[in-house]
Amino acid sequence: MNEAASISVLPEGCLSEILSLTSPRDVCRAASISKGFNTAADSDPVWERFLPPDYREIIGRAVSPVVVFGSKKQLYFSLSDSHIILDHAYLSFHLDKESGKKCYMLGAKELSIAWQDEPRYWEWEHITESRFPEVCILREGYSLGIQGKIAAEMLSQKSTYVVFLVFQTTQDTRGLAVPAKTKVSYGGTEMETENVYLRRPQFQQENYVFPCLRNDGWMEMKLGEFECNEGDDGEVEMAFEEVTQRNWKSGLIVEGFELRPK
C-alpha cells in the first residue's frame, strides 16, 4: 500500500485536520487521490482554516449583502474569484486564491490626492470599468501627489505585501511620460523607487520603471513592498509623487492603491 493510500484510510476527521495544515492548492490536489480525501477536502473544518479569522466581520461591512453559501469552500472561492466592496464603497476586499491571504484596494475616495476637490484640476466620475462608484480623473495639473494608508492589523500576518497604483489613461492624456517616485513606509522601514513612469518616454534607460497591464484591463505600477509580521500594528503609508517637472499633465484615471501578498 502506498503512502497516499495508507493515509486515505484514516477517519475523515483526521484527514480534515491534516489537510487544514496545508494550503488551498494542496487540498484541491488531494481531492483527486481517493474518495476519502475528496470528502475531507470539501469539509467545512478544512476551509474554515483557510478563511481569515475575522471573515465574518469583514463580510458584515460589505456595502451589498454577500450571498450565503452552503459550505465554507464555496464561500472561500467566492471571496477569491471576486471582490466585495466595504464600508462607504471606498475599499474593496478579496482573498488570494493560492494562499487565502487578504487583498485590499483603497479606492480613490480613500486616498489623499493633491487638489482632488478642485474641479479645475480633478473630476469625480463613475466609469463602467471600475469596481468603485467613482474614480478620480486628472483634468489638468502641474504636479501629482497621491498618498494612502491602511492599518496593518487589517492585513494577513506573516506576509510580504506588494503595493500597486491601479490606473488608466484617457485618449487625450498628456504630460505623464515624466519621472516620478514611489514610497512605501511601515514599521520603521521605507522603500523608495525613483525613475518611475506612468507612460514610456521617447528615450528610455535600463533603470526606468514602467507599469504593467492587468487582466482586468487596468494598468498597475508597483509602489513598493513591506513585511507584515505577527503582532505588528501601526499604519502602512504609500505614495506616488511627481512634483519636479512642473509640466501640464492630464488624462490620468486613478482607481486606487492595491495591496496583495507577494
Side-chain angles (χ1 to χ4, degrees), residues 61-64 83-94 103-152 154-155 161 163-186 190-194 196-199 211 214 216-224 234-260:
R61 292 160 50 198
V63 172
S64 300
H83 59 266
I84 58 174
I85 303 299
L86 306 179
D87 302 338
H88 302 289
Y90 298 167
L91 186 71
S92 78
F93 167 85
H94 75 276
C103 304
Y104 286 98
M105 184 185 289
L106 286 66
K109 281 286 189 180
E110 187 74 4
L111 303 178
S112 176
I113 303 174
W115 305 102
Q116 65 188 34
D117 296 321
E118 292 290 339
R120 174 186 172 184
Y121 302 114
W122 292 90
E123 59 186 349
W124 293 92
E125 290 187 8
H126 171 71
I127 61 174
T128 57
E129 300 93 333
S130 177
R131 67 185 66 181
F132 297 107
E134 290 183 300
V135 295
C136 202
I137 304 174
L138 178 63
R139 298 186 62 187
E140 62 175 7
Y142 276 117
S143 61
L144 285 173
I146 309 172
Q147 290 85 33
K149 58 185 178 180
I150 189 171
M154 294 174 58
L155 306 173
Y161 274 91
V163 186
F164 299 90
L165 166 65
V166 181
F167 70 97
Q168 287 183 358
T169 55
T170 63
Q171 291 184 345
D172 57 352
T173 185
R174 62 169 175 159
L176 299 182
V178 293
K181 68 177 181 179
T182 65
K183 185 186 301 182
V184 175
S185 306
Y186 175 62
E190 181 176 283
M191 180 177 184
E192 185 173 299
T193 305
E194 297 186 348
V196 172
Y197 287 78
L198 294 179
R199 300 200 73 178
R214 295 159 53 101
D216 60 8
W218 290 81
M219 302 294 293
E220 66 179 25
M221 170 65 72
K222 180 179 177 180
L223 303 185
E235 292 183 321
V236 182
E237 298 183 358
M238 306 150 277
F240 176 92
E241 298 177 343
E242 194 292 290
V243 296
T244 60
Q245 297 298 308
R246 308 299 292 179
N247 64 312
W248 282 109
K249 305 170 182 64
S250 65
L252 175 65
I253 305 173
V254 179
E255 183 172 45
F257 283 171
E258 184 173 61
L259 298 91
R260 61 178 189 256

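The figures here come from the full heavy-atom set of this structure, side chains too, leaving out hydrogens, waters and symmetry mates.
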Determine whether a donor-acceptor pair (N or O, by modelled atom type, separation under 3.5 Å) exists between the side chain of [X] and the backbone of [Y].
X	Y	value
T173	S250	yes
R174	G251	no
S143	V243	no
W218	E129	yes
E242	T244	yes

Measure the [atom1]-[atom2] distance between [X] and [Y] for me, rounded to the nearest 0.5 Å.
X	Y	atom1	atom2	value
W115	R139	CH2	CZ	15.5 Å
Q116	E123	CD	CD	14.0 Å
I137	T169	CD1	OG1	11.5 Å
M105	I85	CE	CD1	9.0 Å
T182	E194	OG1	CD	9.0 Å
F132	L106	CZ	CG	7.5 Å

Heavy-atom pair with the smallest gap, counting every atom of [X] and [Y]:
X	Y	result
Q168	G217	NE2-O, 3.9 Å
Y186	G234	CE1-C, 4.4 Å
E140	Y121	O-CD2, 3.1 Å

Task: By salt bridge (charged side-chain N to carboxylate O under 4.0 Å, His left out) - contacts of R131 (at least two apart) - done: none
Under a 4.5 Å cut-off applied to non-hydrogen side-chain atoms, are [X] and [Y] in contact?
X	Y	value
L165	V254	yes
Y104	L155	yes
L138	W122	yes
F240	L198	yes

TODO: Before accepting this row, confirm whether a basic side-chain N of the pair E241/K183 lies closer than 4.0 Å to the acidic partner's carboxylate O.
DONE: no
TODO: Give a yes or no on whether a salt bridge exists between R214 and E258, defined as a side-chain N under 4.0 angstrom from a carboxylate O.
DONE: yes
Open item on the list: My understanding is that only residues two or more places apart in sequence, or in another chain, count here; which of them pass ring pair (Phe, Tyr, Trp, His ring centres under 6.0 Å) with W124?
Closed with: none
Task: More than 12 heavy atoms from other groups under 6.0 Å of CD on E192 - done: yes
Task: Atom NZ of K222 with >12 non-hydrogen neighbours under 6.0 angstrom - done: yes
Open item on the list: Using ring centroids (six-membered ring only for Trp), state whether Y142 and W248 fall under 6.0 Å.
Closed with: yes
Open item on the list: Checking M191 against V163 for the side chain to side chain contact (heavy atoms under 4.5 Å, CB included) test, could you report, in this order, the C-alpha distance in whole Å, the side-chain angles of both residues, the deciding distance, and whether it holds?
Closed with: CA-CA 11 Å; M191 180 177 184; V163 186; over 6 Å; no
Open item on the list: Pair I150, E110 - check side chain to side chain contact (heavy atoms under 4.5 Å, CB included), show working.
Closed with: CA-CA 10 Å; I150 189 171; E110 187 74 4; over 6 Å; no
Open item on the list: Quick one, K249 with V178, criterion side chain to side chain contact (heavy atoms under 4.5 Å, CB included). Give me CA distance, side-chain angles, the key distance, then yes/no.
Closed with: CA-CA 10 Å; K249 305 170 182 64; V178 293; 4.0 Å; yes
